[in-house]
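The chains referred to below are lettered A, B, ... by the order of the sequence lines, with proteins before strands, and numbering in each begins at 1. All values below were derived from every heavy atom in this structure, side-chain atoms included, with hydrogens, water molecules and symmetry-related copies excluded.
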Amino acid sequence: MLAAPFLDVKNIYLSFGGIMAIAGVSFHVNRGEIFSIIGPNGAGKTSILNTISGIYPPDKGSILYDGEEITRLPVHKRPVKGVVRTFQNLELFKGMTVLDNLMLSRHIYMNYGLLSSVLWIGKARKEEVAHRKRVEEVIDFLQLTHIRKKHVFELSYGLQKRVELARAMCLEPKLLLLDEPMAGMNSEETEDMARYVIDLNEEMGITIILIEHDMKVVMDLSSRVVAIDFGEKICEGVPKEVAVNPKVLSAYLGEEKWL
Amino acid sequence: MNYTNCGNFKCSYEKDAALFQTLFSRLCIGVFLVMLVALPFLMDHYFIYILNMILIAVIGAVGLNILTGFTGLISLGQGAFMAVGAFGAGYLSSQVGLPFFLAIPAAGVIAALVGAFFGIPSLRLKGLYLSIATLAAQFIIEFIIIRAEPITGGVQGLSIDYARFFGIPINDDFRFYWLALPLAVTMTLLATNIVRSKIGRAFLSVRDNYIAAEAMGINLFHYKLTAFAISSFYAGVAGSLWAYYTTIVTVENFTIMVSIQYLSMIIIGGLGSILGSIFGATFLIVLPEALQFISNMAAGQFPAVSQIVGALKEMAFGLVIILFLLFEPEGLARRWRLIKAYWKLWPFSY
Ligand SMILES: Nc1ncnc2c1ncn2[C@@H]1O[C@H](COP(=O)(O)OP(=O)(O)OP(=O)(O)O)[C@@H](O)[C@H]1O
Ligand SMILES: [Mg+2]
């Protein structure tokens, strides 16, 4: 028997007023792969992530995760199942320190209640310390040690991107949705970020859906790629196939980022 | 910014989570508490009365700051939630015969439930729209209190007995201070615990970016209502203290003006700061008294203009608040941090 795909997106539609952001897209993602979504600006890539993370459930179609229907699952329940995302335009908690941003991600794993919070007794303290240790592991991994007590708004753009990744990691994702994690970074930062993504995938076994405009990164990292244009899937396959697909080439015609 | 001394390295995560990070700050807080205990022995009853009003205001302001400063939900209903607490305690003590140490927390719980109920619109409404919804709550609650005559005494209100502690009636300013002080200190400490716990972090995340908060697994429904409940619990306790202080509870003491006053306290003191709530509460209680004092003096000097002096007092009140908003938009708490940082580096503070 063939194993069911880890994520199965079936013929989803999403519109905003008159705009069709997604017009009947289907694809699947296998456990353990890095799966990339590419397409020109406004193609509907972020919208697809929004349906998977539940921020905008699709108007039609369904999404199965690990064999379970999650199409209408409330947003806050998805990280508990292991579906975690980052945002294209930094959506950090700006008034909080890096540490608090990351500790917030441990929230779903903390069990102490209102009473222990109010009294700050044993259970609350013990759990806080235990989770702080987990968070420090992520801080070490992503080399954020020197800024852990800084407020997010004080940080450079590149560092904020890294904090976003760290925040997602602290949730211990099984399926990680990365929306342009390298956007706006210089080549050195991009390389670092690519390294982290590979480590997450290979060492921690996290399945990754990656949206990225940098084609070199996409070609290097992905096991499979889907190309989207005007809310429709125009092609799907291994990077090499997609790169030479005439439909993909014409969709990107006039875009500098290609090549 | 973080102004703990450098050289203050912690060797465990437990210590890093401690409230008072250095010996010096622990010393300061100790001295402050001793002062609070000594003060009423050194003052006449008028000043103790002011202290009592400050203590009550601190409880209400800390509560509102949890809702508005930490969770980012603007409320114009704090006065009404205080009314619920005041009438709750009044009813429970005069009709049910509960002693104050049961009636006050029970009144807090009633206010919390009412607050959580009126917090439901916060799931859909934000910012200005939410403040209008809480304004509606203010008027609805006032209306219900006036109409529910059998319980609340309607427009007349309730008249209750002084709280009794082992048979001793708490019937003057000095005695009341010993009820209000421990309660205010305890409630403030509990609030600092809440805001450093996972609940406090969840509140902050809702305030800073509710979309991301939800995507990180925060149940917005749950935490917005929790914020309303906690805030209203504080309001309820403050209101019930007020009831025991004045022994006459009427709805006039908890109008929209009170709600606005509390909102001013936390804005002037500093949104999202427990310490700021204390500053703000103190400031807004002391300011009118100080202005009154000045205008009395002026009226004594120039009896002919005493009318105008009274009006000037109101204007001065407004003016001081506007000036504060202009020059200290981040509240007294920030000024306090800057002063601390200044002295830490003194005399090399440049
Ligand atoms: N919240 C929204 N409200 C209205 N329209 C939206 C919304 N989100 C997306 N859209 C529209 O849907 C279409 C697809 O947008 P989407 O953000 O998914 O594109 P994208 O492929 O991520 O583009 P980019 O590469 O620029 O990030 C666009 O036309 C966009 O204007
Ligand atoms: Mg996008």
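A:Arg106 is not listed as a side-chain neighbour of B:Lys198, based on a closest heavy-atom distance of 4.5 Å or more. Counting heavy atoms from C-beta outward, A:Phe87 and B:Ile211 have side chains that approach closer than 4.5 Å. Side-chain atoms of A:Phe93 and B:Arg201, non-hydrogen and from C-beta on, never get closer than 4.5 Å to each other. A heavy-atom distance below 4.5 Å is not found between the side chains of B:Asn209 and A:Leu92. With a 4.5 Å cut-off on side-chain heavy atoms, A:Leu104 and B:Leu204 do not count as touching. Side-chain contact between A:Leu171 and B:Met216: present, with at least one pair of heavy atoms (C-beta onward) separated by less than 4.5 Å.
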> Which is it for A:Trp120 and B:Arg196 under the side-chain contact (heavy atoms from CB on, under 4.5 Å) test, yes or no, and what are the steps along the way?
Replying inline: CA-CA 9 Å; A:Trp120 199 250; B:Arg196 67 173 162 161; 3.1 Å; yes

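Taking every heavy atom of both residues into account, A:Ser117 and B:Asn193 meet most closely at O-CB, 3.3 Å.
In this structure, the portions of A:Val75 lying under 4.5 Å from any heavy atom of chain B include both its backbone and its side chain. Proximity to chain B (any heavy atom under 4.5 Å) is shown, for A:Val84, by neither the backbone nor the side chain. In this structure, the portions of B:Ala213 lying under 4.5 Å from any heavy atom of chain A include both its backbone and its side chain.
Atom CZ of A:Arg72 sits in a crowded spot, with more than 12 heavy atoms from other residues, nucleotides or ligands closer than 6.0 Å. Atom OH of A:Tyr157 has more than 12 heavy atoms from other residues, nucleotides or ligands within 6.0 Å. The 12-atom threshold is exceeded at CZ of A:Phe16, counting heavy atoms of other residues, nucleotides or ligands nearer than 6.0 Å. The local environment of OH in B:Tyr210 is sparse, with at most 12 non-hydrogen atoms from other residues, nucleotides or ligands closer than 6.0 Å.
Looking only at distances, no side-chain donor or acceptor of A:Lys77 sits under 3.5 Å from a matching main-chain atom of B:Gly217.
Across A:Lys94, A:His131, A:Lys133, A:Glu91, the residue that shares the most heavy-atom pairs under 4.5 angstrom with chain B is A:Glu91. For chain B, the option among A:Gly54, A:Gly113, A:Pro79 with the highest count of heavy-atom pairs below 4.5 Å is A:Pro79. Across A:Met103, A:Glu127, A:Lys126, the residue that shares the most heavy-atom pairs under 4.5 angstrom with chain B is A:Met103.
Using a 4.0 Å cut-off between charged side-chain N and carboxylate O, A:Arg78 and B:Glu214 make no salt bridge.
B:Tyr223 and A:His107 share a side-chain donor-acceptor pair at under 3.5 Å.
Between A:Ile108 atom CD1 and B:Ile218 atom CD1 the span is 9.0 Å, to the nearest 0.5 Å. Summarising the geometry, atom OH belonging to A:Tyr112 is positioned 7.0 Å from atom CD1 belonging to B:Ile199; distances are rounded to the nearest 0.5 Å. One finds the OG atom of B:Ser197 at 13.0 Å from the CZ atom of A:Arg125 (value rounded to the nearest 0.5 Å).
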